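Okay, structure first, notes after.
Just so it is clear: chains get the letters A, B, ... in the order the sequence lines come, proteins before strands, and each one is counted from 1. What you see is a predicted model, and the numbers here were worked out from it, not measured in a lab.
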Amino acid sequence: MKRLAAALAAVGSACGAGEPAAPAPPADFVHLRDARARTGIDYVHRNGPTARKLLIETMGGGVTVFDFDGDGRQDLYFVDSGEVPRTNAEQARGGNRLYRNLGHWKFEDVTAGSGTEGRGYMMGAIAADYDGDGDADLYVTACGSNSLLRNDGGGKFTDVTKQAGCDDTRWSTGAAFFDYDGDGDLDLFVQNYLDYEVSKQRPYFREDIPIYPPPDLFDPVASALFRNRGDGTFEDVSISSGIAAHLAKGLGVVTGDFDFDGDVDIFCANDVSPNFLFANQGDDTFREVGAISGSAYSAEGRELSGMGADAADLDGDGLSEIVVTNFSGESNSIYRCEGGLTYTEISSRSGTWELSMPCLGFGTRLVDLDNDGARDWIVANGHIYDNAEKVLTGTSYRQPMLLFQGLGNARFRDRAPDQPEEFRAVRVARGLAVADLDDDGDLDVVVGILGGAPLLLENVGGERNSWIAVRCVGTRGNTSAIGAQVTVEAGGRTQVSEVRTAASYLSQSDLRQFFGLDEAEKVERIRVRWPNGAVEEALDVSARRHLTFVEGSGLQK
Amino acid sequence: MFAFFLMLALATPPQAPAAPAQPDVATAERLFATGRFRDAEVVAEALTRAKPDDASIWSLLGNARFAQKDYEPAAAAFERALAIQPKERVILDNLGCSYFLSQHLDQARAAFERSLTTDADGSRAHSFLARIAALRDDSATAEREFEASIRAKNVDSLAPFHFGLYLMQERRIEDASKQFEHALRVDPDFAGAHMNLALALQRRGDPARADFHMRRFRELTEAELSDDRKRLRVTALLRDVQREYEASNIDAALALALEAARVAPEAPVVHQTLSRLYQLKGNAELATKELDIARSLAEPRK
């Protein structure tokens with residue numbers, strides 16, 4: 001009844017404003033409506049397509065959400081690719097754009113003079129406070145040299161890549177700031193895709209039709225791990241940590257303490273190679289356990305073409321499932337956690353198999369869009385072949401996004417047909433991030449479009465259900481509190497979420513942790529486990545609030 | 001088992017002739033059997049125009065499209081074949097597979113149900129009906145059909161394998177292990193069954209046996225070659241072979257294995273794989289020859 005009344009109220013409100021009445025969202029779910037036209041965001045991604053069909057042209061388009069100026073609102077950073085360079089080493093000035101969130105869906109382009117334009121042919125970015133000065137810095141991946149952009153405050157960033165010693169000149173894609181060694185500052189994981197030199201790529205044909213080359217033609221490479229020395233510089237520990245021993249074609253990365261042993265593990269979605277699960281051994285090394293964990297292959301034992309990844313509890317047992325978006329003709333994967341680092345692939349039982357099969361998925365998040373307490377699943381799709389209709393059957397270049405409502409038992413219901421036309425339209429989508437851009441308590445969605453304007457999808461209806469949002473602020477160097485685990489008990493349900501920079505594809509989402517509470521208007525307990533293992537709690541907290549926990553002093557009044 | 005394409009000519013040496021000006025069935029079959037699926041499709045299409053009432057040509061056209069993963073056009077060709085020969089079980093199964101792999105589950109179910117009217121014992125049809133039921137969250141039907149699939153006289157190794165996957169999803173790990181062991185009794189070199197048995201054994205607290213089966217999975221899907229680039233290429237091809245095998249696409253698997261042999265003729269696993277595929281296709285002579293090559297390559301050099 002409450003939901004129906006709210007839905008009717010929403011219709012009345014729209015009509016009363018004298019605007020064309022947008023259809024109300026369904027009573028039991030949300031609408032994702034494109035709000036870009038009223039935001040002032042005029043960014044258009046450039047990928048510089050050429051007749052040579054260079055593989056890099058079709059892979060970029062990351063989006064990053066972060067609060068660069070510390071005003072509490074989530075700002076947007078769009079990663080541009082630009083014109084294709086003649087060689088990987090060529091470092092043209094970039095076209096990345098930084099937009100300050102002014103509130104009420106208004107954004108201001110503050111790129112000029114900020115030092116955030118970037119350089120080279122870029123892919124994606126992550127943001128966190130690596131130097132412990134209280135503001136979020138940027139790490140931008142590219143085909144060629146990457147960039148560490150230190151936030152100097154006042155809207156200014158400085159490229160400190162060289163002096164920080166954390167560059168990787170290979171084709172980097174995903175990245176993650178996280179504290180793998182538990183020393184209190186943020187280390188850096190950089191995922192690399194292929195052994196690729198743009199000047200050497202030869203044309204590739206399928207039945208005389210030029211196409212983007214399949215990644216099989218290129219050798220895999222290792223990822224990189226950089227340990228933060230705590231003085232603003234990094235040490236390359238890729239070899240000593242065991243990371244460099246494993247070659248793959250990495251695209252998506254998600255970090256987390258998946259086995260609850262107190263240290264952070266790394267899951268890598270790999271293209272045409274088995275996924276990796278790097279188990280943190282607690283002694284500054286990692287052991288790759290993907291195959292025996294059950295998360296490396298499809299259920300049938302086939303390696304898939306992993307693109308994006310995320311992790312969240314889908315069935316209410318407190319353990320994080322891992323999802324991976326894959327190539328067309330392969331369903332997206334759901335690896336159900338059975339405890340420890342043990343997984344069973346269950347996509348064929350999830351209600352998503354048929355719909356994901358024709359799609360080539362990239363960005364993805366498992367988030368509770370309707371605040372009913374169960375994670376929903378959103379996927380950005382788009383083929384890599386711009387002539388997919390000519391060279392493949394059963395798929396297309398432009399593809400619709402997927403949107404599934406979580407039922408709380410790792411099963412989903414297709415909700416894309418309920419969405420407005422602008423959501424259902426076909427596109428070539430890549431990066432995807434979620435954030436509460438209007439601070440109304442539900443998560444909005446930002447989608448990077450290859451060679452096009454981004455989508456800014458306003459969540460309409462999510463706020464009807466109760467919610468709580470928790471921002472964690474560390475005080476021991478890692479002020480972004482990456483790795484903090486937040487547990488919320490409300491309405492007979494316990495939910496766990498972890499602060500992480502890495503998830504989706506080339507993108508980063510709001511670092512605040514959002515919990516849908518359905519009809520519960522009070523939270524019995526909120527528990528924050530900080531990265532160093534310390535725990536702080538708050539009891540009997542009113543719902544529908546943005547809260548801040550500060551390490552050492554708990555919930556802020 | 002794996003009777004999908006057995007009505008077609010067996011594989012011959014990889015250097016196939018170009019498509020002739022006057023297409024004939026033998027040429028189309030030879031092109032198909034040597035992995036030139038697109039050429040086979042072109043010839044078969046021409047033949048269907050000349051002989052539109054020949055079910056075997058429509059079926060060949062469907063197989064050529066299926067091997068290229070063009071599942072919807074494949075289904076259309078199989079439908080034409082069945083309009084002429086409505087009770088041909090192999091074609092009905094192929095039609096069902098095409099619909100299944102193009103996510104037309106209702107049509108797939110109808111095709112497999114029709115298949116069972118011609119042979120109530122069909123392991124493959126029961127197995128796919130079970131998988132469709134599982135996808136639709138109909139556990140009772142899924143379990144009943146899986147049981148029927150493994151009780152069939154000629155059990156397909158995929159039937160207990162997919163039953164095992166279903167049981168893993170149901171967290172019935174011990175039952176799942178039995179099904180993977182069953183699949184391995186039918187086909188001892190079934191890589192996916194080795195991998196899943198390893199996962200099940202690991203969960204049952206038997207890491208030694210789990211390790212054995214995971215190693216076996218790797219032996220069957222990864223080439224051991226000193227040239228890193230070649231190793232990765234051949235490993236990728238062998239994994240593609242497994243994918244085609246699992247999709248019951250034996251001819252496509254064979255074409256990929258032949259490509260692997262071209263890249264790394266010195267790799268025993270490639271010849272083992274070829275031997276197995278020739279065996280599945282009923283070509284004992286080539287199967288034995290490839291196995292001999294694999295053994296000679298695996299022997300320590302004097």
Side-chain angles (χ1 to χ4, degrees), chain A residues 195 206-207 214-221 247-249 271-274 289 291-304 328-331 334 336 338-359 391-395 407 409-411, chain B residues 38 65 68-74 101-105 131 134-137 139 142 158 161-162 164-166 168-171 173 176 190-196 198-203 207 210-211 214 217-218 220-222 228-229 232-233 235-237 239-240 242-247:
Chain A
D195 182 5
R206 180 173 287 183
E207 293 175 11
D216 316 52
L217 298 180
F218 305 92
D219 288 342
V221 288
L247 307 184
K249 300 172 183 178
D271 194 6
V272 292
S273 42
V289 298
I292 200 65
S293 77
S295 64
Y297 301 94
S298 72
E300 293 85 0
R302 296 175 305 201
E303 62 190 18
L304 299 171
S328 57
E330 302 168 346
S331 78
I334 304 175
R336 182 181 65 202
E338 309 289 8
L341 294 177
T342 308
Y343 298 86
T344 302
E345 211 286 322
I346 57 164
S347 58
S348 65
R349 307 292 297 281
S350 68
T352 66
W353 184 88
E354 288 171 75
L355 290 165
S356 75
M357 193 64 96
C359 299
V391 296
L392 299 171
T393 58
T395 191
L407 304 179
N409 54 358
R411 286 176 163 82
Chain B
R38 175 68 187 135
R65 289 171 173 172
Q68 297 172 80
K69 301 189 177 74
D70 289 345
Y71 299 121
E72 286 185 32
L101 291 168
S102 54
Q103 299 92 52
H104 298 298
L105 299 188
R131 292 169 67 185
L135 280 164
R136 294 280 160 84
D137 221 10
S139 298
L158 290 169
F161 174 68
H162 281 286
L165 294 182
Y166 170 85
M168 287 285 275
Q169 292 173 338
E170 293 285 303
R171 295 191 168 105
I173 308 301
F190 190 166
H194 279 290
M195 187 197 86
N196 277 284
L199 298 180
L201 290 166
Q202 182 79 11
R203 275 163 224 187
D211 187 51
M214 191 55 82
F217 166 70
R218 289 204 157 113
L220 290 164
T221 59
E222 293 177 15
D228 218 28
R229 191 184 177 101
L232 291 160
R233 175 75 186 129
T235 296
L237 283 165
R239 292 226 164 95
D240 286 344
Q242 292 299 326
R243 179 169 55 204
E244 299 303 338
Y245 171 87
E246 202 277 327

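The contact between B:Asp70 and chain A is made by backbone and side chain atoms together, counting heavy-atom distances below 4.5 Å. Neither the backbone nor the side chain of B:Ala191 comes within less than 4.5 Å of any heavy atom of chain A. Interface remark: B:Gln169 contributes backbone and side-chain atoms alike to the contact with chain A (heavy atom separation under 4.5 Å). When heavy atoms are compared at a cutoff of 4.5 Å, B:His162 approaches chain A solely by way of its side chain, counted from C-beta outward. Using a 4.5 Å cut-off between heavy atoms, A:Ser350 does not touch chain B at all. Proximity to chain B is limited to the side chain of A:Pro274, based on heavy atoms less than 4.5 angstrom apart. Heavy atoms closer than 4.5 Å to chain A are found in both the backbone and the side chain of B:Tyr166. Contact annotation for A:Ser273: neither backbone nor side-chain heavy atoms come within less than 4.5 Å of a heavy atom of chain B.
With A:Glu345 contributing its side chain and A:Arg336 its backbone, the two residues share no donor-acceptor pair below 3.5 Å. Proximity of a side-chain donor or acceptor of B:Gln103 to a complementary backbone N or O of B:Leu101 within less than 3.5 Å is detected. Distance alone, capped at 3.5 Å, places no donor-acceptor pair between the A:Arg206 side chain and the A:Leu392 backbone.
Rounded to the nearest 0.5 Å, atoms OG (B:Ser102) and CD (A:Glu354) are 10.5 Å apart.
Among the candidates B:Thr221, B:Leu135, B:Leu105, the residue making the largest number of heavy-atom pairs closer than 4.5 Å to chain A is B:Leu135. Ranking B:Asn196, B:Thr235, B:Leu237 against chain A, the residue ahead of the rest is B:Asn196, based on heavy-atom pairs under 4.5 Å.
Checked against side chain to side chain contact (heavy atoms under 4.5 Å, CB included), A:Leu341 has the following partners two or more places apart in sequence or in another chain: A:Phe258, A:Asp259, A:Asp265, A:Leu277, A:Ala279, A:Val289, A:Tyr343. With sequence neighbours excluded, the residues forming a side chain to side chain contact (heavy atoms under 4.5 Å, CB included) with B:Met214 are A:Ala291, A:Ile292, B:Met195, B:Ala198, B:Leu199, B:Phe217, B:Arg218, listed by chain and number.
The two residues A:Asp219 and A:Lys249 come nearest to each other via the heavy atoms C-CE, 4.1 Å.
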